[in-house]
Each structure stands twice: as C-alpha cells, then as structure tokens.
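Written below as structure tokens is the structure these notes are about.
Every chain is numbered from 1, with letters handed out A, B, ... down the list of sequences. Just so you know, these numbers come straight off a predicted model, no measurement behind them.
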Amino acid sequence: MTYWTLTESDIDRIAIGVGILGTGGGGSPYLQMLIAKQLLREGKRIRMIRPADLDPNAQIIGLGGIGAPTVSIEKMEEGFEGVRVLKAIEAHTGRKVDAVLGDEVGGGNGIYPMITAAHLDLPVVDADGMGRAFPEVQMTSFFAYGQASQPAALSDADGNTLVITQAKTPQMLEKLMRTATVAMGCTACMTTAPMTGDFVRRFGIAHTTSQAWTLGDAVIRAREAKTDPIAAILAEAGGTFLMTGKVTDIGRRIDGGFVRGTLTVAGLGADAGRTLVIDIQNEYLVATEDGKRIAMVPDLICIVDSETGRPIGTEEQRYGLRVAILSLPAPALLRTDVALALMGPRAFGYDFDFVPLGQSTEPAPVAAYRADHSLTPAS
Amino acid sequence: MTGMLRIGVDVGGTNTDAALLRGTKVLATIKTGTTADVTSGVGAAIRAVLLAAQVRASDVSGVMIGTTHFLNAVVEGKRLERVGILRLCGAATRSLPPMIDWPDRLRQLVDGGAALVGGGVNFDGSPIAPLDNAAIRAACRTWRAQGVASVAISAVFAQVDSRMEVEAAAIVAEEIPDVAVSLSHRIGRTGLLARESATILNASLHRLGAETVGAFRAAFAGLGLTCPLYLTQNDGTLMSADFAERHPVFTIASGPTNSMRGAAFLTGLSDAVVVDVGGTTTDVGMLVAGFPRNRSEGAVIGGIPTNFRVPDVFSFGLGGGSLILSGPPLAIGPASVGFRLPEKALCFGGDTLTATDIAVAAGLVTLGDPSRVRHLDATLVKAALAKMKADVETVIDRMKPSADPVPAVLVGGGSVMIDGLLAGTSVSLRPDHFGSANAIGAAIAQVSGEVDRVVALEGTTREKALEGIVAEARLRAVEAGANPSSVQIAELEETPLSYLPGNAVRIAAKVVGDLAL
C-alpha cells in the first residue's frame, strides 16, 4: 500500500496550509498541531492515504471538533474523544472502521482526525468534504451527494458518548448536534454517518491535506528565501490574486451564534485607488469591488498577511493590517447545483446565484507518498 | 496625589532613568547606566534624582520601579526555580500536557514534575470532577522528597470558579512546609495552556522575586527611604512590593507601557499615537483612554506563549544610533552603534555617520561638536531627515484605529530627529522631559483590578452578570491599593460564544484607580 507518513515538519506546514484554507474561519490549528507533534514524539505514527487507494468497501468516518472556540482553548481535549466516537460507530454498525478523515480541512479540524488515527494506527484519507471551512455540519460534499444523516456520534472529554440513530434531515442533525454539544460543556468530538471507500473516492475533495502541506511549504520556503510568500501561494494553488491593501474598516456583530460583518480593504502600491469589500459570516464569503461581486462562496476567499503569508482569521481583523486577498477556485464537486444548494450564496441568505472565478483543479498529492510493504497485512 | 512626592524609576537594557514628581509637577529627571545587579543602579539613580531636586528621602511618599530584571531571567534561563505543576482537570485537557510548547532548555530547567488530577469546572460552573485530595497529597510527597518548593496550580475554568485552586493550595501547604504557591486564576485569562504557562513562570521566578524585592528594600533603607515600594506591571499599573514578590511574572512586559503612560501624562492627551525613539529602535503604540492599546494575541516570553495582555507596539530599527548609508539608495538602520554612540558618532569625534549626526547637522539638537558634521552634504541631511520621518509616518498609519488624524506624542532621546508635523496626525508634540517619559510613566502609574470570565446567562440577566464582574474587578483594585472613590472602568468587553446558539458570553472587565498614598 502507498502511504505518506507525516513528520513534525510536515505538521508545521499543514498547520499553515489549513489556516489559509480556513478562509478566515475554522478556528486556530495551534493546539491540534501541538497534540499531533507530541504524539509523533511519543513514537506514534500518522499515515495519510490517497482516496484512489481506498478499498471500495472500506468503512470510513469523518472526525472533527464541534463547539465554541473560546471553550475549546480552556477545556481542551482529553485525547481519546475520537476513539470513543469511532468505537461507538463500530458497535452500532457492527463493522470495523478502516480509515478516518476530516469533514473540514480548513482550520483546526484539518489536523483533528490525525489524533485519533495516531492512537489507533489507522490511516487518514487525504480528502475532506469542504476543501475549506464552513460553519455548519451539513455543508459538505458528502451530504450534498447523499451521505446518510444517521448514525452520527458525539463524545466529550469526560467520556459521555452519544449516538444519534435517527435524524430526518441533515439540518435536524446539525440542530441535535449543537444542542448536545452545549450540554457537553460546549466542546465535543463529532462524526457523521460512515461512508464507504467508494463513496469517498467519488465524493470526497481529493488531496486537500496535500494541498495544505503544499501551501504551508510554499510560505515557509518563501520566508526562508525572503521572497514573496503571496507569489509562492499563487504559484502552488493556481488561484486568482485579487488585491494587496490595507484594512480600513471592520464591522462585526454576533448573530445567532455566528460572527457576521463586513471588511473594507483599500488597495496599496499597484492596487492604489481600488477598494474591496468582503462579507463575513464566520468565514470570508463574498468579495465586492465597485458594487460588482468578484468572488463568492463556495470559491475560497483567503486573506493573508501581505508580508509573511500568515493567514488572518475574521476575529483578528482590524484597521491598518496589511493584507493580500486571494481567491482559490472551489473544488468542482462544490460547484454543482446540488452542492450550491447547500453551500452556495443562497445557502447563506444571499439572493444571487454563484458565479465561479477560475477553473477548478484537483490538487496533486504530495511527492512523499511511498509504497510501504511493511504495512501490508500478511495474507 | 496633590503635593505628594513620588519617584519613578525605569530600568532599561542600557539606561536607568529616574524622575521625581511633586503632585503633577516634574521636579527632576536623571539618566544613569544600568548595572548588572540592577539594585545598585536603581539606588544610584534615586540618590541622584533626590540630590538634583534637593529633596529629603524621608519626604518621599512612594517609589515606583519598572524593571526588565525578571524578563531577563527568563530569556537568559538564569536563576529559575524548579516547579511542581498541579493541573485540576479530571479527564479533560490531557492531550496537551503542561509545558508542551516550551523551548526544551527552559522546560528542563523549570519542570519539577506534573500531576494532572481530578478537579476543574465547565464554563457554566458545573464540576468536571471532584477535587482529588489523595492524588494532590501523593504528588506533594514526591515534590517534597525532590526538594521542589514552588508549586503552580491551574484548574480548568478557574476564572469561573476559583475555589478548587484555593482548596488545593491549602492541601499543598500542609504537605510541603514553606512552599510557595502560584494560582492560575490570579495570573491569567481564558486559555488554559497559556495561563498555566504563565503560572509556572511565576512560580519559577518566586525565589528571584523575593530576593530582588528584598534587595530593593535594603537599598531603600540605605537611602533613608521609608515610603512604600511599588513595581509597574504589564498593563502599566502598579503592584505593591509584597504583591510583586509573589507575582514577579506581572512585571515581565512592563517596558513599553511606562513611556506611553508618561507621554499621556506629559501632554494631557488620553488618545494619541506615541512614538518612542530610543538608541536603536523606535516603538510606536496607541494610547486609548490613557492606556496603551493591547495586542490581540498574548505575549510570547522567552519563547513561551502566554496570554498576558501586552501593548500592541510596532518596533523597528530607527534610533539615535542608527547607521546612515548615503547610498544610493539611502539607507537608515536597522544596524546601530547602540550604547557606543558617545564614542562612535561623528559629532562626538567618532568615525560613524549616525542618525544623531544628521539631527545635529540639521540644527535640530546640539550635541558634541557641531563643527564635526558641518561638512555633511545638505542634500543628504535633508533626504535622511525626510526618510526617517516617512518611515515613522508609515508605521503610524499602520497603528491608527481609523483613517482620521490623531495627535502624535514624540518621546525618548532620539525623538529630536523627527521634525515638524507627521502625516496622518493632527498635531505632533514633543513635551518637556520627553527623554524621561518612561520614568515619569512609572511615577504616575495607577492601580488596577481585572476579571475575565465566561458566564452562562441562564437564571440571570446580562446587566446583573456585567455588574457582578465589575464589582469583583473593583474589589481586586482596592486590594491592590486603589483609593476606592477613584476607581473607574477602563475596559469592558463582552464576547458572545460563536458557533453556538446558547446564551453564554465572555466578559472581561478592567478597572483602574489612583494609588491611595
């Protein structure tokens, strides 16, 4: 079998990349990065597997953190929440889980499934359901293309574990999960219905951990060589450069548990005289210039520090920050009518249809995938 | 504080500044060299400033010291104590053991062993697990056997309910005679790992804190000072020497705050941009309601991420000692002759063209022998002054809260190089005593109280929750020495918890008041 076995320096790169793919949301990957590196230091291993290499009949679950970031930095994970969730699903389905993945590559959840994988020595699929960050559980390519809304499971640090055996719609599942999470102290680990290897091969966004690594590697190499990290990101991700500028206004409010607002950026240098307005709803959603929409969800709008390439989250935006704004094309799986109904502009309350920017391309897997015969089970 | 005599001392890397004030009037300022042991330099500065103002030591009502001594101890990894680490967490948090993000060298010096035991609460105050007395006693016996005499205790959501930390401290004191205990709810804010790191740092500085404060007290007695001693802390407010002895970590980032507070005092401005030009670097920060605006992320101390709020200061390599390369292209700094300015600069007979020489050639200041810089090309002088000013203007624009012009205050010895109105500012002021703004800032410092907590609004109202938090902050300020009638709210932040429909908010309150002398 062919695997990519992660090192500590891979985790550093992935942590930067998942920040960029977080499109302003998804939560900080810092603590997840520390946990993953600690497990490697203890001798555990984290192996990535390409979706194309999955057994079509394999049973796969997605793992992620759910809750309030403010709480998750105080009552951090016990570490085995994901293991309990996985065992609960195995017990419920009567089938072993063969691999895990993250539903959301953007932010801390881009590293999250690696923790459980390291404990159980299971591979992590180099794919997710968003290719970015989204605020709600049902906003994934998996749900768009028919993933069942049950069973699902939650577990907290104290060991409380809940299996949802029946939810009539993905929206109801989202509601049940949020409510249970509040009862669990506002932070928990979640999974949605198990998927087959074949389903993940067809409907997973492929190679997004590879993409995060490639983005992080480009930023780190540009910093070391003292060259432009923005150019390096664009060269690797093939996105569209929108503007370099300075934040001149930021309006934010919390509404129904979500951060909403607008960000105004005035162009600098070659972009002097231009103004971009970005709508925020936990993530950066729509970029507008002179009343004309130039980029919109589900395409990725990424904002990074224009000097260092460091991704900047919606909550840390303030007047005077020097930023570069980029748009990366959403994966083709998110640009279809069924996906747009869940993750397009109208799903966020806008009254206009999605207009794509740039061609969707599938990110390449990293070159570090190697055939590893030592891992092939003896027959 | 009318008529009261106060001495402020700021101990920097190169210079120790002292200022003597009567009420709001500056009587004298003095600059001396910083000494390796810190205390003898502080003693010399106080003696000199008393002499300059012709004031008797016994007439002084308070001495306020800002020092980088404890920061240096951490950065250099010297004189740190081994710490026993107690985390009250139940099963939670175990994926991130204490000190996981410390540099190896500091961890090896400080780690005296960690025990993660039953305890801690959820954000709504419900217990995660009961306090595990037996496990605490077992850990203490191990520490006692190994000679560990300082213990850091951190409980999950200790800001919501601190009782378990206090209870655990009592058990630790029973088991380890003469133990020093640092409690996380008195040290930091929400974010367990970072708050725990700050608590461990505090515990590791405990002995040095006692020694340093003891040495200051001895120096005071030698000078005939009988007044109380205070140290300035990270947010620019004061703590008593007794409190500082137990909380040395609070002094660790107090540096830039003092000069910004001094700038506010010297100009009477409460909202302004402060430009502090030293020998090697320029620090630019914003004053908001009389206090420095803080960074959104916590301070990183000696490579250790903490969640201390520290001023949001942009530092860059421009100072009186900055090297000038006439080019083309013209380049100024970041290399600097630093403290060797008096021997290296052209105007002092040296061989190096520095930013100070440009200021002397332009007639902005008289230093050394102006005839030694008379040969400098007038075009170069003009271009260099314009570039320094433009560099400062770019940083001011980066720091401003909005596009509206703000008043600028220039302080620090090197600020003479910046001439005329700065772009983006409504007025550019260089007040009297601008060279000693840091010591003056220490002298006029106030006292504060701070509380930061996640509150569930079930069974209470938002107004009641806010009121309760402010009252608690007020109580802390009075405990720290504030005159109760002078206490005012300085910061009140309310953040609803995102991604959740529930009714929980995080409230952070800070109050400040005048020192009751």
Side-chain angles (χ1 to χ4, degrees), chain A residues 25 27-28 30-39 41 66-81 115 119 135-136 156-159 175 178-179 181-187 246 248-249 253-259 266 282 313-322, chain B residues 89-97 100-101 116 120-124 126-129 154-160 189-195 286 293 295-297 305 307 312 314 394-404 454 456 494-506:
Chain A
S28 165
Y30 180 69
L31 295 179
Q32 299 301 323
M33 174 197 77
L34 289 178
I35 300 171
K37 286 164 74 170
Q38 174 78 7
L39 290 171
R41 245 171 271 149
I66 177 170
T70 313
V71 172
S72 64
I73 60 167
E74 177 70 25
K75 186 187 175 190
M76 298 97 75
E77 277 99 26
E78 173 251 10
F80 293 89
E81 289 87 342
I115 312 305
H119 283 306
E136 296 185 14
D156 67 11
D158 308 319
K175 204 167 165 183
R178 294 277 159 200
T179 311
T181 301
V182 174
M184 287 177 163
C186 282
T187 177
K246 170 181 122 165
T248 56
D249 189 47
R253 65 184 194 284
I254 301 244
D255 185 356
F258 295 113
V259 184
N282 283 6
T314 52
E315 74 285 354
E316 49 171 329
Q317 287 288 359
R318 61 173 173 77
Y319 175 91
L321 284 180
R322 262 48 174 183
Chain B
C89 56
T93 78
R94 287 172 186 260
S95 61
L96 289 154
I100 186 172
D101 52 356
L116 278 63
V121 298
N122 285 303
F123 78 98
D124 59 359
S126 61
I128 293 175
S154 315
V156 176
F157 279 116
Q159 324 84 280
V160 173
R189 305 178 300 126
T190 303
L192 178 71
L193 194 64
R195 184 174 76 249
M286 287 299 305
R293 180 182 71 200
R295 267 162 56 103
S296 50
E297 323 94 89
N307 53 15
D312 181 15
F314 191 94
T394 305
V395 176
I396 287 177
D397 186 54
R398 182 186 274 265
M399 299 300 290
K400 283 196 314 181
S402 76
D404 299 333
V454 176
E494 197 189 338
T495 325
L497 302 192
S498 58
Y499 289 98
L500 283 172
N503 246 342
V505 289
R506 174 176 173 180

Checklist line | Contact origin within A/L39 toward chain B - heavy atom pairs under 4.5 Å | finding: neither
Item checked: Contacting region of B/A158 [heavy-atom separation from chain A under 4.5 Å] -> backbone
Next item on the list: Kindly compute the distance separating CE (A/M184) from CG (B/N122), expressed to the nearest 0.5 Å.
Entry: 11.5 Å
Margin query: Tell me the closest heavy-atom pair linking A/E74 and B/T93, and the distance in Å.
Written below: O-CG2, 4.0 Å
Checklist line | Nearest heavy-atom neighbours spanning A/I35 and B/S95 | finding: CD1-OG, 3.3 Å
Check: So, for A/A157 and B/A91, which heavy atoms are closest and what is the spacing to 0.1 Å?
Finding: O-CB, 3.4 Å
Item checked: Atom NZ of B/K400 with >12 non-hydrogen neighbours under 6.0 angstrom -> yes
Notebook entry, point to check: Which heavy atom in A/L34 sits nearest to a heavy atom in B/L193, and how many Å separate them?
Noted result: CD1-CD2, 3.8 Å
Notebook entry, point to check: Does B/N307 reach the side chain of A/I73, with side-chain heavy atoms less than 4.5 Å apart?
Noted result: no
Next item on the list: State the CG-NZ distance between B/D101 and A/K37, to the nearest 0.5 angstrom.
Entry: 10.0 Å
Checklist line | For B/P305 against A/Y30, the heavy-atom pair lying closest together | finding: CG-OH, 3.4 Å
Next item on the list: First locate atom CE of A/M76, then atom CD1 of B/I100, and finally report the distance between them rounded to the nearest 0.5 Å.
Entry: 8.5 Å
Notebook entry, point to check: Checking heavy atoms, do the side chain of B/D124, its backbone, both or neither come under 4.5 Å from chain A?
Noted result: neither
Check: Any side-chain heavy-atom pair from A/K75 and B/F157 closer than 4.5 angstrom?
Finding: yes
